[in-house]
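Chain letters run A, B, ... following the sequence lines, proteins first and then strands; every chain starts at 1.
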Amino acid sequence: MTKQALLSELNPQQKDAVLNNKGPLLVLAGAGSGKTRVITYKFTYLMSVLKIPPASILAMTFTNKAAAEMKERVEGLTGKSVNGLWIGTFHSLSARILRKEIDKLGFQKDFCIYDSSDSGNLIRSILKEFKIHEALYKGILSKISSLKASLISPEKLLANEDSYGFDEKFARVYVRYQDELRKNNSLDFDDLIMHTVNLCERHPDVLEKYQKEFSYLLIDEFQDTNASQYRLSRLLASKHKNICAVGDDDQSIYKFRGAEVRNIQKFKKDFSKTKVVRLEQNYRSTQNILNIAGSVIALSPERMPKKLWTENGKGEKICYCTAINEKEEARYISQSIKELYLKGRYSYKDIAVLYRINQQSKVLEEAMRENGQPYRIFGGVSFYGRKEIKDIISYLKFIANPDDSVSLKRIVNCPPRQIGGTTITRVENEARKRDESLYNTMKHIIKSNGYTASLKDKIRGFVNIVEELIDEKNIALPELLKKVFDKTGYSSWAGEEKADNLTALVNSSEGKDLRSFLDTASLFSGLDEPLNDDAVSLMTIHSSKGLEFPVVFIAGIEDGLMPHFHAVKDTDELEEERRLFYVGITRAQDMLVMSCARKRRLYTSVQEQQPSRFLSDIPPGYYHCVEKRPRADAVASAIVKMPANFFNTSPYVTGARVRHPKWGVGVVRDSYGETDDVKVTVNFPSVGMKRLSLKFANLEKI
DNA sequence: AAACTAAAGCTTTTT
DNA sequence: GCTTTAGTTT
């Protein structure tokens, strides 16, 4: 890409950010201001125009997803592979350095990286040995994590007994934990950063080597850096000072896990003559949404002054809906989504429902399932993540592909058939010898000698059941599912509570074939795979950071939830809640709907809830209030009027599948008019949305 | 090895 | 209240 072409796609501030490449640069990138664009264009500019070898640009992000997106976009802009470049997360890039240098710290280069469950197990075994209540391991783990994030090693903790709220028992655990890690030649996540900092500080020659190797540093989400990450960045950049930090103090919502917004101020102090660029033009949201966002964040003290503006229109009015309780709130949201969808203006994937705590997802899920709406939960357990659903899906997967040994292992003892770990290990060993799938090995074992009769009986029992199911794999899916429940005895074993979910699964399989059903099911459970499926996104506001949706619902805008009651006593935490609310609002592109419940069940008690205190910071004219009355729900709606065919008797109701002679099969999205002159909106996969009159269009219902 | 029972925890979370 | 997990029993 040429310099001209590159710059022509940027606004003046973005250009400023991309063109300033000598010395420290701080880019304050407001929500929706094209932050990723600036970072990727800057990378491309450094590489293609300034001819800086791409391998000497260190670009650090927080999540794998952000790193992957950056790589993809840089590849797209430059047309060159990003393989081997230093684009990645703080952790992965630190690990890469440590793989080469860690022997200098007394570890071997083939060190292991412990994930949080490994770390947790290690802590628990230490607690057991020290006779400390094991249930405390989570708290201890997070305390150790925050110490490491602040670069406080066990030695340092012991040396400053008075400084850090010293607790002798805890210090012993910390010392021991770190010892064990070393013995196991292992590092936990926080060690990756802390040890890299140690390496640089204790070995000036190594530091110098990397200072030379990286002639430019690019850091994303700078407001999320913790002390150790900041120190590392500073060390690596302290020589040439070519460092660009991109962040937004208004979107700092991870203080609880060690992030320090103050690093933004520190940056300006530590790097003299820092050039500051503000990206304030917002390309994402309507004026109405920005007004709300702006009035909420304006009251945040100590923020760096900035004001987002947009050339977008005023857009839709913003609503705040009050429901009598959390179930009604969920119904209201689900109903509104239905109407938006039927109007054909939005598909499900354009819509997100955000909330403060994962617990809120439960009622939302229930409401959406009642209405047959596809949804996807980010984090937490979704419908497809439930054990019973995963079990049954595994049965189906196995029926479709008996070589799938992973699924086999999941189902072989569900319900229990006395085929436990020992038996499976034997079968696995035999399978390895014979170089065959587990299932084929099982069939072999039944026929061969040299196994006890009871073992063969157990396996035969399983194989017979499954074999019958495989024979019938081509019957209609709901039938097949019922056969699975009966033959395996799953329903009676699973109990009644799970029966509802299983029935829901049968209903959702209506009219689908095995293959496509399984595809959607695994897409739902797959966490990181990009989802092509049309589904509403359900997630916490935290997980929504960095994303955008045409339509955003934020549920539970009440005191106690937003801000959360744990945060109201502490001013800093309260301000973080404010920023969290701001992050939620700024995810919306065209439409924002906030809602609350008068009464909400939280843990044991039903509480009377008050509207969020943050609402009083928004001028009254910026949004309008709606009351959700439980009975009138089907008729009255805050957002859009119900489709005219609500009581329509025409066979072409919304959701019906129809065939058109020219456009093929489509789905009715909406229909209007009286019985003798019905007009329908139909979505055809081939040509998109079409408005047709039943009198003239030669539609056939299928 | 599985099934039952008691008990804890319960804001947000990536690496 | 509900869900997860640890510990005990069969």
Side-chain angles (χ1 to χ4, degrees), chain A residues 60-67 88-95 113-120 124 127-128 133-139 141-142 145-146 148-149 187-194 196 220-221 224-226 228-229 252-259 326 354-363 378-381 385-387 412-425 458 493 495 497-498 527-528 539-546 556 560-570 573-574 576-577 579-581 583-584 600-607:
Chain A
M60 299 200 278
T61 65
F62 273 82
T63 63
N64 289 316
K65 200 178 151 205
T89 62
F90 273 97
H91 292 86
S92 68
L93 297 174
S94 296
I113 299 172
Y114 275 10
D115 68 17
S116 14
S117 77
D118 298 325
S119 305
R124 284 163 69 171
L127 293 181
K128 211 179 242 169
H133 192 39
E134 245 185 273
L136 297 171
Y137 83 95
K138 274 188 187 158
L141 206 56
S142 81
S145 172
S146 53
K148 287 183 176 182
L187 274 66
D188 67 16
F189 289 136
D190 301 298
D191 284 341
L192 291 172
I193 318 286
M194 186 172 81
T196 310
D220 192 14
E221 302 282 12
D224 288 339
T225 49
N226 62 33
S228 65
Q229 289 158 335
S252 159
I253 54 172
Y254 285 111
K255 188 171 179 260
F256 71 93
R257 65 177 201 214
E326 76 276 10
L354 310 182
Y355 38 80
R356 176 67 244 264
I357 60 175
N358 282 309
Q359 207 190 16
Q360 287 174 266
S361 74
K362 208 192 149 198
V363 271
F378 293 72
V381 183
R386 305 242 156 84
K387 185 189 176 297
V412 72
N413 215 20
C414 270
R417 301 181 180 94
Q418 269 108 39
I419 307 178
T422 332
T423 315
I424 286 300
T425 314
K458 284 188 273 182
W493 175 68
E497 323 89 85
K498 294 182 175 169
L527 278 167
D528 286 326
M539 68 186 90
T540 61
I541 305 177
H542 280 93
S543 351
S544 75
K545 205 178 112 189
L561 265 185
M562 183 78 262
H564 192 269
F565 62 89
H566 276 164
V568 295
K569 281 157 257 132
D570 181 302
E573 286 187 51
L574 190 62
E576 182 146 311
E577 297 288 305
R579 294 190 295 266
L580 187 58
F581 187 31
V583 167
R600 180 180 299 273
R601 158 152 259 139
L602 280 166
Y603 312 122
T604 55
S605 59
V606 176
Q607 289 177 15

| query | When you compare dT4(C) with dT11(B), how far apart are their P atoms, in angstrom units rounded to a whole number? | reply | 16 Å
| message | Could you spell out the base pairing of DNA chain B as a dot-bracket line? Use Watson-Crick and G-U wobble contacts where both distances are under 3.5 Å, [ ] for crossing pairs, | for partners on a different strand. | response | ||||||||||.....
| request: For salt bridge (Lys or Arg N to Asp or Glu O under 4.0 Å), just list the numbers for E577(A) and R356(A), CA-CA rounded to whole Å, side-chain angles, deciding distance to a tenth of an Å, and then say yes or no. | output: CA-CA 10 Å; E577(A) 297 288 305; R356(A) 176 67 244 264; 2.7 Å; yes
| said: If you compare all heavy atoms of I253(A) against all heavy atoms of R579(A), which two are closest, and at what distance to 0.1 Å? | reply: CG2-C, 4.1 Å
| message | Between H542(A) and Y254(A) (judged by ring centroids, cut-off 6.0 Å), do the two rings come close enough to count as a pair? | response | yes
| query | Can S119(A) and D188(A) be counted as having a side-chain donor-acceptor contact under 3.5 angstrom? | reply | no
| said: Nearest whole Å is fine: how far is dA7(B) P from E134(A) CD? | reply: 17 Å
| Which value, in whole Å, describes the distance between the P atoms of nucleotides dT12(B) and dT3(C)? | 15 Å
| message | Using a 4.0 Å heavy-atom cut-off to protein, can you give one letter per nucleotide of nucleotides 8-15 of chain B, 5' to 3': B if the base is in contact, S if only the sugar-phosphate is, - if neither? | response | -SBBBBBB
| said: Check this for me, if you would: do R124(A) and E134(A) make a salt bridge, where the nitrogen-to-carboxylate-oxygen distance has to be below 4.0 angstrom? | reply: yes
| query | In chain order, what residues pass the side chain to side chain donor-acceptor pair (under 3.5 Å) check against D224(A), with sequence neighbours excluded? | reply | K545(A)
| message | Over all strands shown, is R124(A) touching base, sugar-phosphate only, or nothing at heavy-atom distances under 4.0 angstrom? | response | sugar-phosphate
